[in-house]
Number of protein chains: 2
Amino acid sequence: MDSPPSPPIGLALSRAAKIVGRAFDECLSAAGGSLPTWLIMISLKTHRLGNQRELAAAVGIEGATLTHHLNAMETKGLVTRRRDPANRRIHVVELTDEGERLFHRLRAAAQAHDERLRTGLTPADLTTLTHVLTQMTHNVAADDGGPDA
Amino acid sequence: MDSPPSPPIGLALSRAAKIVGRAFDECLSAAGGSLPTWLIMISLKTHRLGNQRELAAAVGIEGATLTHHLNAMETKGLVTRRRDPANRRIHVVELTDEGERLFHRLRAAAQAHDERLRTGLTPADLTTLTHVLTQMTHNVAADDGGPDA
DNA sequence: TATTGTTATACTCTATAACTATA
DNA sequence: TATAGTTATAGAGTATAACAATA
């Protein structure tokens with residue numbers, strides 16, 4: 001009943017993600033940004049989100065953490081926050097022109113990082129990777145109460 | 001010259017690693033540990049390292065950061081540090097009995113996490129994943145001065 | 001009262017620089 | 001002087017709890 005343990009994949013993923021993630025961070029830092037900034041900007045550009053809680057959820061952080069980053073981004077002149085006239089509880093976040101420029105620089109940096117990452121990998125490898133990451137994310141998100149929970 | 005961008009794999013990896021890594025953290029926390037503690041313990045158990053700098057390198061952190069974690073682990077009674085009589089500059093780190101017990105609990109937690117992660121994945125998926133992570137780690141570690149650098 | 005967001009505070013992990021101890 | 005490790009300090013990212021503003 002002791003199936004061959006097979007190499008600990010959580011550990012391998014954790015280690016690789018640490019190394020690759022650091023390289024990604026350095027890429028973004030060198031371009032004048034950071035990972036949270038980049039994630040926030042992507043969310044602002046791709047989805048049109050209704051409020052900051054949705055934005056925070058898209059980035060994978062809490063609302064207060066998002067506020068923390070938005071404060072810094074606003075100080076740097078990358079975003080503006082203004083109240084929605086229709087519902088003044090909602091703060092509409094928008095990239096400034098300077099924010100747009102940084103976005104383009106970060107996109108270029110992220111693309112360069114991606115090309116480096118893909119070196120030596122086949123399209124099939126990348127397809128499998130995407131599939132595996134999706135599956136693992138689901139595995140971990142699932143309420144683990146059992147197969148019939 | 002604009003090859004089809006193909007989905008940003010760095011971003012996908014970053015997002016998945018964040019989610020899976022948090023689940024891993026929670027697993028280890030629930031068992032009374034943390035990721036750094038677990039990585040340190042694994043290194044202590046598997047390699048027989050000569051000094052703390054090697055241990056830090058194996059874990060992927062700086063020496064001072066390792067000291068920080070070892071201080072906490074020593075306070076909790078998980079490890080002891082004593083000077084090597086042959087070279088009193090070297091501090092030999094060893095798990096206490098309580099450290100051993102925690103190691104076994106964390107190993108069980110990590111294995112449970114691994115089984116959850118592997119749900120819905122074929123052995124071929126996992127083989128590819130391991131290969132891809134290894135390749136990406138190399139891609140990122142390489143001095144990027146060019147193919148003949 | 002419920003919703004939206006901010007402020008205050010603190011924790012974890014990490015790093016760099018300066019220091020002590022030993023060789 | 002060189003090596004091993006520690007201490008002091010700092011910074012990034014995150015979170016929870018309490019708060020203010022709006023509906």
Side-chain angles (χ1 to χ4, degrees), chain A residues 14-15 17-19 21-30 32-41 44 49-76 79-94, chain B residues 14-15 17-19 21-30 32-41 44 49-76 79-94:
Chain A
S14 176
R15 282 177 167 150
K18 185 179 204 167
I19 292 169
R22 276 182 190 181
F24 195 14
D25 276 345
E26 279 159 26
C27 242
L28 294 171
S29 296
S34 69
L35 184 56
T37 295
W38 174 231
L39 295 176
I40 289 167
M41 285 184 161
L44 287 175
L49 297 157
N51 60 40
Q52 284 188 202
R53 296 189 62 182
E54 287 176 19
L55 179 54
V59 174
I61 56 179
E62 293 299 312
T65 304
L66 176 61
T67 295
H68 170 77
H69 291 301
L70 289 179
N71 286 346
M73 292 171 76
E74 197 171 36
T75 298
K76 288 184 196 166
V79 299
T80 56
R81 279 178 287 189
R82 57 182 176 72
R83 289 182 180 277
D84 182 344
N87 180 348
R88 291 182 45 77
R89 284 178 301 194
I90 291 178
H91 292 204
V92 179
V93 182
E94 282 174 330
Chain B
S14 176
R15 282 176 168 150
K18 185 179 203 167
I19 293 169
R22 277 182 189 180
F24 195 14
D25 276 345
E26 280 159 25
C27 241
L28 295 171
S29 296
S34 69
L35 183 56
T37 296
W38 175 230
L39 295 177
I40 289 167
M41 284 183 162
L44 287 175
L49 297 157
N51 60 39
Q52 283 188 202
R53 296 190 64 181
E54 288 177 19
L55 178 54
V59 173
I61 57 180
E62 294 299 313
T65 305
L66 176 61
T67 295
H68 170 78
H69 291 302
L70 289 179
N71 286 346
M73 291 171 76
E74 196 171 37
T75 298
K76 287 183 195 165
V79 299
T80 54
R81 280 179 286 190
R82 57 180 176 74
R83 289 182 180 276
D84 182 345
N87 179 348
R88 288 182 47 76
R89 285 178 299 193
I90 292 179
H91 291 204
V92 179
V93 181
E94 282 174 330

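Here is how names work: the chains are called A, B, and so on, in the same order as the sequence lines, proteins then strands, and each is numbered from 1.
- The side chain of B:Ser34 contributes an N or O atom lying less than 4.0 Å from OP1 or OP2 of C:dC13.
- Remark: the A:His91 side chain and the A:Arg82 side chain contain no N/O donor-acceptor pair separated by less than 3.5 Å.
- Of all heavy-atom pairs spanning A:Leu70 and A:Val79, the tightest one is O-CG2, 4.1 Å.
- Under a cut-off of 6.0 angstrom, the local environment of NZ in A:Lys76 is sparse, with at most 12 non-hydrogen atoms contributed by other residues, nucleotides or ligands.
- The CG atom of B:Leu35 sits 13 Å away from the C1' atom of C:dT14 (whole-angstrom rounding).
- OP1 or OP2 of D:dT6 has at least one side-chain nitrogen or oxygen of B:Gln52 nearer than 4.0 Å.
- Within a 6.0 Å sphere centred on CZ of A:Arg81, heavy atoms belonging to other residues, nucleotides or ligands number more than 12.
- Rounded to a whole Å, the CD atom of B:Glu74 is 13 Å from the C1' atom of D:dG5.
- In this structure, CD1 of B:Ile40 is placed 13 Å from P of D:dG5, rounded to the nearest angstrom.
- Where B:Ile90 and A:Asp84 each meet DNA chain D at their nearest nucleotide, the meeting point lying more 5' is that of B:Ile90.
- For the pair A:Arg22 CZ and D:dG13 P, the computed distance is 14 Å after rounding to whole Å.
- Distance from the side chain of A:Ala64 is smallest to D:dT16 among D:dT22, D:dG5, D:dT16.
- Proximity of B:Arg88 to the phosphate of C:dT22: a side-chain N or O atom is located under 4.0 Å from OP1 or OP2.
- A close approach under 4.0 Å does not occur between any side-chain nitrogen or oxygen of B:His91 and OP1 or OP2 of C:dT22.
- Atom P of nucleotide C:dT4 and atom CD of A:Glu54 are separated by 9 Å, given to the nearest angstrom.
- Checking C:dT7, D:dT7, C:dA23 against every side-chain atom of B:Asn87, the shortest atom distance belongs to C:dA23.
- For B:Arg81 and D:dG5, the CZ to P distance is 10 Å, given to the nearest whole Å.
- For A:Asn71, no side-chain nitrogen or oxygen approaches OP1 or OP2 of C:dG5 to under 4.0 Å.
- Between A:Glu26 atom CD and C:dA15 atom C1' there is a gap of 12 Å when expressed in whole angstrom units.
- The separation between A:Lys18 atom NZ and D:dA12 atom P is 19 Å, rounded to whole Å.
- Here the closest heavy-atom approach between residue B:Ser14 and residue A:Leu35 is recorded as OG-CD2, 3.6 Å.
- Regarding contacts with the backbone of C:dT14, every side-chain N or O of B:Thr65 stays at 4.0 angstrom or more from both OP1 and OP2.
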